[in-house]
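One structure is given below, encoded as structure tokens.
Just so it is clear: chains get the letters A, B, ... in the order the sequence lines come, proteins before strands, and each one is counted from 1. All of these numbers come straight from a predicted model, not from anything done at the bench.
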Amino acid sequence: MELRAVRGMKDILPPESWDWQWLETCFREIAERYGFGEARTPLLEATQLFVREIGEGTDVVEKEMYSFERHSDHLTVRPEGTAGAARAYVQNSVSGREPVTRWYYIGPMFRAERPAKGRYRQFHQAGCEIYGDEGPVCDAEIIALCADVIEAVGVDGYSIHINSLGSGDTRERYRDALVKHFLPLKDQLSEESQRRVETNPLRILDSKSKADQALAEDAPSVLDILDDADRAHFDGLRRHLDALGIDYIVDHKLVRGLDYYTRTLFELKTTSDALGAQSTLVGGGRYDKMVESLGHKKPVPAIGFAMGLERILSLVQSPAEVPKPACYFAPMMPEAQGLALQLAHRLRKAGHYCEVDGRGLSVRAMMRRANGFDSRLCVLIGEDELAKETVTVKDLARREQESLTLGDDFVGRIEAMLARPRSEDGAETDG
RNA sequence: GUGGGUGUAGCUCAGUGGUAGAGCACUGGAUUGUGGCUCCAGUUGUCGGGGGUUCAAUUCCCCUCAUCCACCCCA
């Protein structure tokens, strides 16, 4: 086979796709309870949108984007959903129509990373964004929503981590404080982090290197240099989470790789080690500057998150079941195939799932397959049936069969059979 | 981008320096037109690709590709 899926991209096929639909439905239902409506934005955006909003120095922009030039347009297949949603919010003048906007999205994102467990080059995120509410009530709602989804789909153990990056010049002041802390220790840091001292000292905080972690223990906390307003905001968030009974961990070392975050920052991580290094299931935070930076005339506060659907699916057991046919048609000779097709058509119009076996195999093989589908009924049509203008309908659950005429009441007769208990004693009924 | 593991039938995997096996699945039959259990029979492989060593390579060596995992980064 010479034509394969592109590296890091995989096909989602039945029966796995049933699990995906289930997860997406869980997410939609919960998001809609919180007042979110779906925003479907293009997969392709101007490269500049991501360069400016995610940040020029970030790994995502620097080396992971699928970018190309088409005529004179510089385009990028979206590596995340927030920037595109914010662009749509500004472009469509949504702030003029409503004071607060709540959008959710579900879809593929693209990053050219080296594939690993729970990480693909085309991966899928579901996320929410709120524009026009500076919180912290909606910050708490957003985190509650994430927890609701994670719990609804049955993730076993998870923890919620929160932090605040402050606003205004807090980030810069904190950065300076970190440089002051790490610079004298530079030669004790890992090779990777030695470079970060100058470029991105925040990232040293979540380094996996043991040495870095030890040195980060005594690093100044961003929470100590928040100004009064930022502190009040963060305390407000904590109060609301407490009121909701949501457990969380304040982690001043929580930082994120995208530059656009301000104030509230949070992650939901699995406590199982099933995902290896990819333990973050949900990441989000506030990005109060983005809308304005996109050219909107006034600042609009915003908060959002994205959850990694592959990661969540790999942790949960989907209850999704492959649909079972009501009726499996097994024409025993070519002349009976047309009738089978017509009868199936009538049942399908009436809302029933039917299978028609047109392979011309032995009755045994067709029955086996009907059984493999766990079909409730199997309709056999052969020479006798054609001659008498009837069909033989076998109830595979009750192990009995009868002959049905093909009058107007055919659909009704089949429905009556479907409505019977699966066994004589009536204990179980066909859901 | 760096490091490691794996690549044998449709699937899951055994195996050997002398050109390959099991289970599952599939098809036929035991039941001339009737399923889930059982039994019998049968189909399928360029042993990832290329090169080298050898009388002989699926097996040993090198390269390459794919894949998985770790680092990095992120959801």
Euclidean distance for [atom1], [N] against [M] (whole angstrom):
N: B:rU12; M: B:rA25; atom1: P; result: 15 Å
N: B:rG28; M: B:rG33; atom1: P; result: 12 Å
N: B:rU8; M: B:rA14; atom1: P; result: 10 Å

When you compare the protein's N or O atoms with those of nucleotides 2-5 of chain B, which come within less than 3.5 Å of each other, and at what distance?
residue: B:rU2; atom: O4; partner: A:R114; partner atom: NH1; Å: 2.6
residue: B:rG3; atom: O6; partner: A:R114; partner atom: NH2; Å: 3.4

With a 4.0 Å cut-off, would you call A:D59 and A:K63 a salt bridge?
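A salt bridge is present here (some side-chain N lies under 4.0 Å from a carboxylate O).
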
Under a 4.0 Å threshold between the charged nitrogen and the carboxylate oxygen, would A:K253 count as salt-bridged to A:D251?
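No.
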
Looking at A:R119, I'd like to know whether one of its side-chain N or O atoms comes within less than 4.0 Å of OP1 or OP2 on B:rA75.
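For B:rA75, neither OP1 nor OP2 has a side-chain N or O of A:R119 closer than 4.0 Å.
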
Quick one: is B:rG28 close enough that its OP1 or OP2 comes under 4.0 Å of any side-chain N or O from A:S362?
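Checking A:S362 against B:rG28: at least one side-chain N or O falls below 4.0 Å of OP1 or OP2.
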
Base, sugar-phosphate, or nothing for A:R359, non-hydrogen atoms under 4.0 angstrom?
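It contacts sugar-phosphate atoms only.
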
At 4.0 Å (heavy atoms only), tell me whether A:E400 reaches a base, stays on the sugar-phosphate, or touches nothing.
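Nothing, no nucleic acid heavy atom in range.
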
Of the residues in residues 311-342 of chain A, which ones touch RNA chain B at a heavy-atom distance under 4.0 Å?
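Result for residues 311-342 of chain A: A:R311, A:M332, sorted by number.
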
Tell me, please, which residues at least two apart from A:R413 pass side chain to side chain donor-acceptor pair (under 3.5 Å).
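Partners of A:R413 under the side chain to side chain donor-acceptor pair (under 3.5 Å) test: none.
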
Quick one: side chain to side chain donor-acceptor pair (under 3.5 Å) partners of A:E321, sequence neighbours excluded?
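A:E321 satisfies side chain to side chain donor-acceptor pair (under 3.5 Å) with no residue once adjacent residues are dropped.
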
Please list every donor-acceptor pair under 3.5 Å in which a side-chain atom of residues 383-391 of chain A meets a protein atom from a residue at least two apart or in another chain.
residue: A:E385; atom: OE1; partner: A:G382; partner atom: N; Å: 2.9
residue: A:E385; atom: OE2; partner: A:T392; partner atom: OG1; Å: 2.6

Output all residues satisfying ring pair (Phe, Tyr, Trp, His ring centres under 6.0 Å) with A:F27, sequence neighbours left out; order by chain, then residue number.
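Listed in chain order: A:Y104.
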
Throw together a table of side-chain donor-acceptor distances under 3.5 angstrom for residues 360-367 of chain A, partners on residues two or more places apart or in other chains.
residue: A:S362; atom: OG; partner: A:A365; partner atom: N; Å: 3.1

Can you give the donor-acceptor pairs under 3.5 Å from side chains of residues 303-316 of chain A to other protein atoms, not counting sequence neighbours?
residue: A:E310; atom: OE1; partner: A:H124; partner atom: N; Å: 2.9
residue: A:E310; atom: OE2; partner: A:H124; partner atom: N; Å: 3.3
residue: A:E310; atom: OE2; partner: A:H124; partner atom: ND1; Å: 2.8
residue: A:R311; atom: NE; partner: A:G118; partner atom: O; Å: 2.9
residue: A:R311; atom: NH1; partner: A:T280; partner atom: O; Å: 2.9
residue: A:S314; atom: OG; partner: A:R311; partner atom: O; Å: 2.8

If you write RNA chain B from 5' to 3' in dot-bracket form, with Watson-Crick or G-U pairs under 3.5 Å, [ ] for crossing pairs and | for pairs with another strand, what do you get?
(((((((..((((....[..)))).(((((.......))))).....(((((..]....))))))))))))....

Scan for salt bridge (charged side-chain N to carboxylate O under 4.0 Å, His left out) pairs involving residues 145-165 of chain A, sequence neighbours excluded, and state none if there are none.
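Matches after skipping sequence neighbours: none remain.
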
Please name all residues satisfying salt bridge (charged side-chain N to carboxylate O under 4.0 Å, His left out) with A:R121, sequence neighbours left out, ordered by chain then number.
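Per chain and number, A:R121 pairs via salt bridge (charged side-chain N to carboxylate O under 4.0 Å, His left out) with no residue.
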
Mind checking salt bridge (charged side-chain N to carboxylate O under 4.0 Å, His left out) for A:D230 and listing every partner two or more places apart, or none if nothing turns up?
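A:D230: salt bridge (charged side-chain N to carboxylate O under 4.0 Å, His left out) contacts with A:R263.
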
Of the nucleotides B:rU34, B:rC74, B:rG28, which one has an atom closest to the side chain of A:K394?
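For the A:K394 side chain, the nearest candidate turns out to be B:rU34.
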
